Every structure is written in C-alpha cells, then in structure tokens.
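None of these values were measured; they are calculated from a predicted model. We name chains A, B, ... by the order of the sequence lines, and we start the count at 1 in each one.
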Protein chains: 2
Amino acid sequence: MTSPARKPSRIQTENRQRIRDAALGLFATHGFRGTTLDQIADACGMHKPNLIYYYDSKEAIHIDLLNTLMEEWLSPLDAMDAEGDPLEEIIGYIRRKMEMSRLYPRESRLFANEIVQGAPRMLPHLESTLKPLFDKQCGIIAKWMNDGKIAEMHPAHLIFSIWAVTQHYADFEAQIAVLLPGDDKRARGADQFVEMMFRKVLTP
Amino acid sequence: MTSPARKPSRIQTENRQRIRDAALGLFATHGFRGTTLDQIADACGMHKPNLIYYYDSKEAIHIDLLNTLMEEWLSPLDAMDAEGDPLEEIIGYIRRKMEMSRLYPRESRLFANEIVQGAPRMLPHLESTLKPLFDKQCGIIAKWMNDGKIAEMHPAHLIFSIWAVTQHYADFEAQIAVLLPGDDKRARGADQFVEMMFRKVLTP
DNA sequence: CAAGTTTTTTACCATTTGGTAAAGTTACGA
DNA sequence: TCGTAACTTTACCAAATGGTAAAAAACTTG
C-alpha cells in the first residue's frame with residue numbers, strides 16, 4: 001500500500017528488530033509520551049534520524065509493537081481447547097499466563113500502559129481480534145460449566161480475574177518487590193498460589 | 001520549610017483543589033509526561049502561570065496527588081480488624097476495594113500508572129507507609145489461618161490477588177467495555193463474581 | 001571495480017512545553 | 001474607603017523534542 005513492498009534486506013530486518021527491542025523496554029516503563037526518540041536511539045546504539053529511516057515516526061514504532069504484541073498475547077487463550085479436560089485446560093492457560101508474566105514483563109506493561117490510557121491505538125484491534133476470540137472461549141467455558149465439569153460462574157469475569165491476577169505480577173512488580181523483598185523465589189510462590197486459588201474456585 | 005507556612009486562604013484551598021481535580025483525570029489517562037500544564041490549565045479554566053502560582057512545578061502537582069492518594073488508598077486495608085470475624089473482615093475489605101474501583105477509577109489508574117512505571121516517585125512512600133501496614137495485616141491473616149478460621153494460603157499473595165482483581169475493573173475498564181459491552185450493570189455482575197470467588201477460596 | 005543503491009551521519013528546523021517576569025486586577029483588613 | 005497583599009493575566013524564553021535535508025559512507029551487483 002505505502003511503498004512497492006519489496007522484501008526487506010537482512011540489515012533492515014536486523015535493525016528494525018533492534019529498534020523494537022529498545023523501544024519496547026522504554027515504552028513499557030515510561031509510556032509513549034514519556035519516551036523520546038533520542039532515548040530509543042541511545043538504547044539501540046543508533047542515531048535519531050536512523051530510526052526515522054526505518055520507521056516513519058515514533059508512533060509507527062509504537063503501533064508496530066502493539067500489533068506484534070497482540071498476536072503473541074492472544075495465542076495462549078486461543079490454545080484453550082474445547083476437547084481437552086476442562087479443569088486442566090484452564091489451569092494450563094493460567095500456567096502459560098504466569099509464565100508470560102515472568103518471561104515477558106515488558107510486553108505485559110506495554111499492554112497495561114495502553115489499556116490504562118484508554119487503548120487509544122488498540123481499541124479497533126480489541127474489537128476486531130480480541131472480542132471474537134474472547135466470546136468463543138467464553139462459550140467453551142460456559143459449556144464446560146453446563147456439563148458440570150467445573151463450577152458454575154460468569155465466564156467473562158473468570159477470564160478477567162485470570163488476566164488480573166497473572167498480569168499483576170508483571171505490571172505491579174515494583175510494588176511486589178517492596179512488599180515481598182525476597183529474591184526471585186517469589187515467582188514460584190506466586191505460581192503455586194495462583195494455581196491453588198483457581199483450582200479451588202473452579203472445582204464444582 | 002519552604003515558606004513561613006501561613007494557613008492557606010479560601011481561594012488557595014479552592015483553587016488547589018480545582019487544579020488537583022483536573023490534573024488527576026489527565027495524569028490518570030495520559031500519564032505524567034503525557035499531560036501538559038496547558039491541558040491542566042484548560043481543564044480547570046485557569047492559565048498556565050496560575051498553576052505555577054499554586055504549585056511550584058508540574059511535578060509538585062503530581063507528588064501532591066500521589067501523597068493524597070496514598071492515604072485514601074490504604075485506609076480500607078487498615079480497616080481490616082483482627083478482632084472481627086475473619087471471613088467477613090476480608091470480604092468486607094474486598095467489597096470496599098470494589099467500591100473504590102467503581103467510585104474512584106481515576107485514582108486507581110493514577111496509582112497503576114505510577115507503579116507500572118517502576119514507582120519513580122512513590123517507592124520511598126511504599127517502603128515507609130505501605131510496607132509496615134501490609135506486614136501487619138499479613139500477620140493478622142496468618143493468625144486467622146493458623147486458628148483454622150479461613151483456608152491456609154500465602155497471605156501476601158492473597159492480598160496481591162485481591163488488589164489485582166478489584167483494581168482490574170478500574171484500570172482495564174477500556175478493555176472490559178469492549179468485551180462486556182452491556183451497560184454499567186456489569187459492575188454488579190463483577191461484585192457478585194468477585195465476592196463468590198474469594199468466599200470459595202477462603203472457606204477452609 | 002565501477003555504478004548504483006542502501007544505510008548512516010551531521011547539521012539543522014519548527015513546534016511544543018515547562019517555567020518566568022512583570023504588569024494588571026481583585027479581595028480584604030484597618 | 002484606602003492601601004496592601006493576594007491573585008490573575010499577558011508576553012515571553014530556553015530547552016527539549018519530533019522530524020527533515022542532504023552529504024558521506026558502506027554495501028551490492030553487473
């Protein structure tokens with residue numbers, strides 16, 4: 001649509017990746033407006049105009065990150081299989097979400113920033129991509145409940161609570177680090193707690 | 001320390017309040033860097049230099065908001081009474097947190113923004129004010145568990161999960177509005193769900 | 001290896017933004 | 001009601017910031 005869309009060169013692929021990696025960390029911690037092009041350039045050892053050579057604007061970097069994020073973010077939810085064992089499917093989903101919180105806290109915070117601020121760049125994407133998947137998976141959960149495999153409750157709120165609890169460990173890490181100053185073993189304690197909690201909630 | 005600390009005039013009290021109110025909404029949605037003094041001035045019908053007359057700097061407004069917030073934010077946790085009925089004390093705390101999410105979403109988002117960004121202006125406050133209270137209330141909960149009044153689990157993670165779930169409804173409202181497009185009745189559904197969930201978790 | 005293409009760098013610009021100076025206006029106590 | 005202190009407004013400013021122009025350098029390919 002924009003340019004003739006030639007396949008990107010090796011250097012292009014590499015440098016776009018470097019830019020995204022640097023921008024991800026900065027946008028996640030300082031927000032969009034709180035991050036400057038100079039900071040991004042610094043963080044990836046490039047010069048400001050070089051960024052603009054690879055991305056049309058600061059906003060283009062942000063949008064690219066959000067788009068990439070969206071797919072990775074949804075895949076665990078999508079992986080919840082209607083044919084599997086209900087309790088283990090949901091617990092498996094929770095485990096994957098906890099793992100993502102631990103492995104990709106920057107992505108979690110980038111997403112949190114975007115949503116807290118009213119999802120200015122993501123709303124359409126939420127409507128078109130997240131909503132259908134969400135509705136479908138809510139349907140699966142509702143059926144499991146109907147069949148008496150797991151306890152009866154509002155499926156949407158169940159998913160919200162899973163998101164809330166799992167992402168909390170990434171998004172509010174600064175607070176948790178103050179309150180639970182032990183080393184990173186707190187991660188394991190969290191995993192155990194969260195799994196126990198939802199097992200109890202879901203058992204009929 | 002700064003000025004002779006005379007008692008503030010009526011106009012001063014009023015206008016400081018107007019400024020805080022306007023700034024709260026803007027900081028909550030756009031973050032600190034994403035909010036300009038001109039926006040704040042606009043939002044409260046004042047001129048930019050007038051803001052600086054009442055607050056030394058943009059940062060001073062932000063800090064004042066965070067300090068005020070901290071106290072209001074902690075009072076429900078503080079209200080959890082060791083002498084009361086354990087289950088009802090915790091459920092009462094959860095109800096109050098849900099209510100705050102509904103009544104004060106701006107405060108919740110301001111706090112979320114600050115923590116997601118690593119709590120740059122709040123870390124000392126968290127250490128000195130939140131931490132002691134948190135430890136004390138964790139102790140109370142642990143005792144309740146020891147006495148067999150509620151189910152045994154990690155008290156700190158229990159509190160984290162309460163914070164996560166209740167604040168989620170304020171902080172991620174944009175997402176929830178897309179996924180549960182019903183009117184505000186979703187608030188009631190949320191209240192019911194959350195109370196049911198934690199009752200189940202806490203029952204021995 | 002020469003010509004052309006892609007990538008990087010230097011110098012620069014317009015706008016935005018936090019904040020100041022100082023004149024003008026209003027409120028308020030004696 | 002008059003003088004002074006509190007408050008508001010207008011006109012600015014310096015630094016930061018997103019982005020551009022164009023030359024220089026590096027890479028590719030016939």
Is [X] salt-bridged to [Y], going by a charged N under 4.0 Å from an acidic O?
X: A:Arg95; Y: A:Glu99; answer: no
X: B:Glu14; Y: B:Arg18; answer: no
X: A:Arg109; Y: A:Glu114; answer: no

inquiry  = Under the criterion side chain to side chain contact (heavy atoms under 4.5 Å, CB included), I'd like the reasoning laid out for A:Phe32 against A:Gln117: C-alpha separation, chi angles, the key distance, then a yes or no.
reply    = CA-CA 10 Å; A:Phe32 179 73; A:Gln117 314 207 345; 5.9 Å; no
request  = Name the residue closer to the 5' end of DNA chain C, choosing between A:Arg33 and B:Pro49 according to the nucleotide with the nearest heavy atom.
outcome  = A:Arg33
key: Residue whose nearest DNA chain C nucleotide is more 5′ - A:Gly45 or B:Thr36   = A:Gly45
Within this structure, what is the [atom1]-to-[atom2] distance between [X] and [N], rounded to whole angstrom?
X: A:Phe27; N: D:dG18; atom1: CZ; atom2: C1'; answer: 12 Å
X: A:Asp38; N: D:dG19; atom1: CG; atom2: P; answer: 12 Å
X: B:Ile40; N: C:dG19; atom1: CD1; atom2: P; answer: 10 Å
X: B:Lys48; N: C:dT20; atom1: NZ; atom2: P; answer: 11 Å
X: A:Tyr55; N: D:dT20; atom1: OH; atom2: P; answer: 17 Å
X: B:Asp42; N: D:dT8; atom1: CG; atom2: P; answer: 16 Å
X: A:Ile52; N: D:dG19; atom1: CD1; atom2: P; answer: 5 Å
X: A:Ile19; N: D:dG19; atom1: CD1; atom2: P; answer: 13 Å

Kindly point out which of [options] is positioned nearest to the side chain of [X]?
X: A:Asn50; options: D:dT9, C:dT8, C:dG19; result: C:dT8
X: A:Leu37; options: D:dG18, C:dG19, C:dT7; result: D:dG18
X: A:Tyr53; options: D:dC7, C:dT7, C:dG19; result: C:dT7
X: A:Gln12; options: C:dT7, C:dT8, D:dT17; result: C:dT7
X: B:His47; options: C:dT10, D:dT9, C:dT8; result: D:dT9

message = Just to be sure I understand the rule, does B:Tyr54 reach a base, reach only the sugar-phosphate, or reach nothing, if contact means heavy atoms closer than 4.0 Å?
response = sugar-phosphate
query = For B:Lys149, does the NZ atom sit with more than 12 other heavy atoms under 6.0 Å from it, leaving out its own atoms?
reply =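 Incorrect, the count does not exceed 12.
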inquiry  = Please determine whether the number of non-hydrogen atoms from other residues, nucleotides or ligands lying under 6.0 Å from atom CD of B:Glu71 exceeds 12.
reply    = no
task = Take the C1' atoms of the five end pairs on each side of the helix from C:dC1-D:dG30 to C:dA30-D:dT1, derive the two axes, and give their angle rounded to 10 degrees.
result =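 Comparing the axis at each end, I get an angle of 20°.
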inquiry  = For B:Phe193 together with B:Phe198, are the ring centres under 6.0 Å from each other?
reply    = no
